[in-house]
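These notes are about the structure you will find just below.
So you know, we letter chains A, B, ... as the sequences are listed, proteins then strands, and number each from 1.
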Amino acid sequence: MNKIFEIPLYPYTRSPDQDAAAPVRRKVVVVGAGPVGLAAAIDLAQQGVEVVVLDDNDKVSFGSRAICFAKRPLEILDRLGCGEPMVQKGVQWNVGKVFFDDRQVYEFNLLPEDGHRRPAFINLQQYYFEEYLVNRVRELQAVGAPIELRGGNKVLSAEDKGDHVALSVDTPEGEYALEADWLIACDGAGSPIRQMMGLDFVGRVFEDNFLIADVIMEADFPTERWFWFDPPFNRGQSALLHKQPDGVWRIDLQLGWDIDKDEEKKPENVIPRLKAMLGDEVKFDLEWVSIYTFQCRRMEKFRHGRVIFAGDAAHQVSPFGARGANSGLQDTDNLCWKLKLVIEGQAPETLLDSYDAERIHGADENILNSSRSTDFITPKSEISRIFRDAVLDLSEQVAFARPLVNSGRLSVPCTYDGSPLNGPDCNAMPARTRPGSPAIDAPVQGGWLLSQLGGGFRLLTIDADAPEVLEEGGIAATRLALSAGDTPELADRYLGDALSAVYLIRPDQHVAARWERYDEAAVRAALNTATGRA
Amino acid sequence: MSTLNTAPNIARPDDFYAALLAAHEGLSKAESDALNARLVLILSNHVGDMEVLEEALALARPRG
């Protein structure tokens with residue numbers, strides 16, 4: 001049987017745009033049908049914004065690639081209508097073990113907080129992730145949503161004309177011209193669009209190579225994350241073992257800098273390494289092998305006129321901490337509602353500059369965290385290695401050293417502190433739900449808070465009065481009325497010392513502003529601030 | 001707000017100094033380096049206060 005990543009899911013078909021006398025103008029063109037591009041397209045189409053996705057390929061990701069999806073992206077996927085199949089298929093894990101040299105030094109349990117619909121993480125191969133997104137595109141098409149996915153469409157040139165972007169697209173049947181009011185470039189770390197536009201992408205190169213092997217084995221390793229520092233089977237380097245669905249295991253082996261990549265990728269060289277790690281008696285098949293190097297870098301700005309970059313095209317991090325695809329999904333979550341308001345003339349174009357402000361803040365946080373993990377995992381100097389080994393040694397004996405062990409700080413959502421879109425805060429309420437934060441899930445009567453928030457601007461009231469709908473300049477905030485008596489988690493996460501609360505929540509479920517009581521003028525002002533109209 | 005204590009604070013300085021050297025006795029350079037690193041980490045955790053630690057780090061840097 002063919003693997004899902006060997007089947008063309010969106011093969012090239014001829015589009016009427018290719019036969020038009022003059023270039024057809026589309027509202028939004030997304031370049032790249034990876035996790036980020038597909039999420040962007042689904043988000044826009046769900047809101048009724050016309051979108052065309054172009055990709056030179058026609059299949060989902062080859063090999064597992066991104067495998068660890070964090071809670072916030074899963075919540076975003078719920079809003080996009082495809083979180084459930086991901087969580088159903090994904091592997092959940094909480095326990096991690098850390099090994100140093102030939103021994104286990106400690107183990108940890110992530111002990112996720114209760115009262116959330118979604119787990120802290122799931123492991124899922126990127127090809128399944130993309131398959132479920134493509135399925136969601138098909139569902140939306142079936143109900144007439146304005147979304148198209150064009151495989152075998154390679155963008156040859158993109159030029160910002162001021163009021164639109166002119167594209168030249170190559171297909172198996174020749175080139176055609178296409179125009180877009182807005183272009184979202186989700187074309188990966190090597191972004192051809194970025195290169196065509198001659199834009200910068202500077203940062204720090206890490207001189208290291210990692211071998212990734214996906215192996216299929218029937219082994220009784222538990223569903224845990226195992227990380228080795230300097231193990232006997234990979235001296236001086238690191239190793240990671242992580243479980244994926246279908247009995248597929250991700251093995252990551254650090255190889256160092258001076259290696260022959262083509263040689264190292266050959267099965268006759270990979271298999272002995274894996275045998276040394278797993279033991280001679282374990283039977284396994286290789287599904288996919290790849291060697292990667294990485295950089296930590298970002299573009300200086302993500303928005304360039306009518307071209308907006310998202311995901312790896314805009315910023316690249318080391319894989320430690322699962323911050324690549326996870327942060328890309330937060331990019332599109334942040335961007336799409338803003339773009340819709342701008343396209344519909346309800347907000348000024350400058351609202352899009354807040355995408356830069358907020359997501360550059362997010363990218364910098366991710367780059368900082370993943371660079372720190374990398375410096376711990378692969379010490380860059382003698383003294384750095386001495387301290388790293390000292391931390392690992394101590395972690396076996398004493399608890400204090402364990403928080404210093406850094407094998408990847410797993411992705412947590414970014415709070416947009418200081419964002420120009422933030423409105424007033426109320427000090428009596430918990431810091432974790434302050435303006436700029438993603439709304440935190442909680443059980444509520446009849447389900448979950450985040451599912452009830454959905455998209456759109458919401459006025460979340462807890463034991464407070466407010467109108468059912470507040471409209472300001474064509475943008476409506478609709479009320480979700482809850483009571484502190486509903487569940488203890490709701491009161492704990494949203495009230496703190498306050499007796500009542502009114503939260504203005506953005507369409508990406510981030511808190512815009514909050515008060516103890518409803519004040520119409522204040523809420524109107526906050527709604528204007530949150531939409532760049534203040 | 002705590003600050004780094006730079007006044008003499010060790011009751012029997014000669015005994016402490018001797019204990020510090022004794023802890024390194026018979027160790028190779030690599031083992032001594034590792035001991036020093038563990039010691040720095042242990043003492044840093046005992047201090048805990050980031051402001052004090054930053055003051056200590058600054059004090060320890062070569063003067064130049």
Side-chain angles (χ1 to χ4, degrees), chain A residues 98-108 227-232 234-238 256 364-365 368-369 371-409 412 415 417 431, chain B:
Chain A
V98 177
F99 301 84
F100 180 39
D101 197 347
D102 57 356
R103 63 200 194 276
Q104 180 182 325
V105 284
Y106 75 101
E107 79 172 65
F108 60 87
F227 198 99
W228 287 263
F229 293 96
D230 195 13
N234 198 25
R235 266 300 164 213
Q237 313 284 5
S238 66
D364 285 346
E365 208 172 271
L368 178 72
N369 277 293
S371 298
R372 285 176 169 177
S373 300
T374 309
D375 285 337
F376 191 88
I377 292 164
T378 64
K380 301 296 179 291
S381 67
E382 191 192 356
I383 191 66
S384 162
R385 180 173 293 273
I386 288 170
F387 273 114
R388 200 280 306 270
D389 289 353
V391 166
L392 289 169
D393 260 334
L394 286 168
S395 73
E396 189 176 9
Q397 304 168 48
V398 276
F400 91 78
R402 292 168 197 162
L404 295 172
V405 175
N406 190 343
S407 66
R409 299 285 181 226
V412 289
T415 294
D417 283 321
Chain B
M1 209 64 65
S2 343
T3 49
L4 182 71
N5 183 0
T6 55
N9 192 37
I10 297 172
R12 298 191 312 277
D14 292 348
D15 287 353
F16 162 71
Y17 197 76
L20 183 62
L21 293 191
H24 282 276
E25 221 161 82
L27 300 186
S28 66
K29 173 77 167 74
E31 288 166 333
S32 264
D33 285 347
L35 185 152
N36 277 340
R38 287 193 294 268
L39 189 60
V40 166
L41 293 167
I42 291 165
L43 296 177
S44 298
N45 181 67
H46 185 82
V47 170
D49 188 318
M50 189 65 183
E51 282 183 26
V52 176
L53 291 171
E54 277 172 355
E55 264 189 77
L57 285 168
L59 181 62
R61 289 276 298 177
R63 273 171 293 175

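Heavy-atom distances place the side chain of A:D393, and not its backbone, under 4.5 Å from chain B. When heavy atoms are compared at a cutoff of 4.5 Å, A:I383 does not approach chain B at all. Proximity to chain B (any heavy atom under 4.5 Å) is shown, for A:V398, by neither the backbone nor the side chain.
Around atom CZ of A:R372, no more than 12 heavy atoms belonging to other residues, nucleotides or ligands sit under 6.0 Å away. The 12-atom threshold is not exceeded at CZ of B:R12, counting heavy atoms of other residues, nucleotides or ligands nearer than 6.0 Å. The 12-atom threshold is exceeded at CZ of A:R235, counting heavy atoms of other residues, nucleotides or ligands nearer than 6.0 Å.
Among all heavy-atom pairs drawn from B:I42 and A:F400, the shortest one is CA-CZ, 3.6 Å.
Interface residues of residues 32-39 of chain B toward chain A, defined by a heavy-atom distance below 4.5 Å and sorted by number: B:D33, B:A34, B:A37, B:R38.
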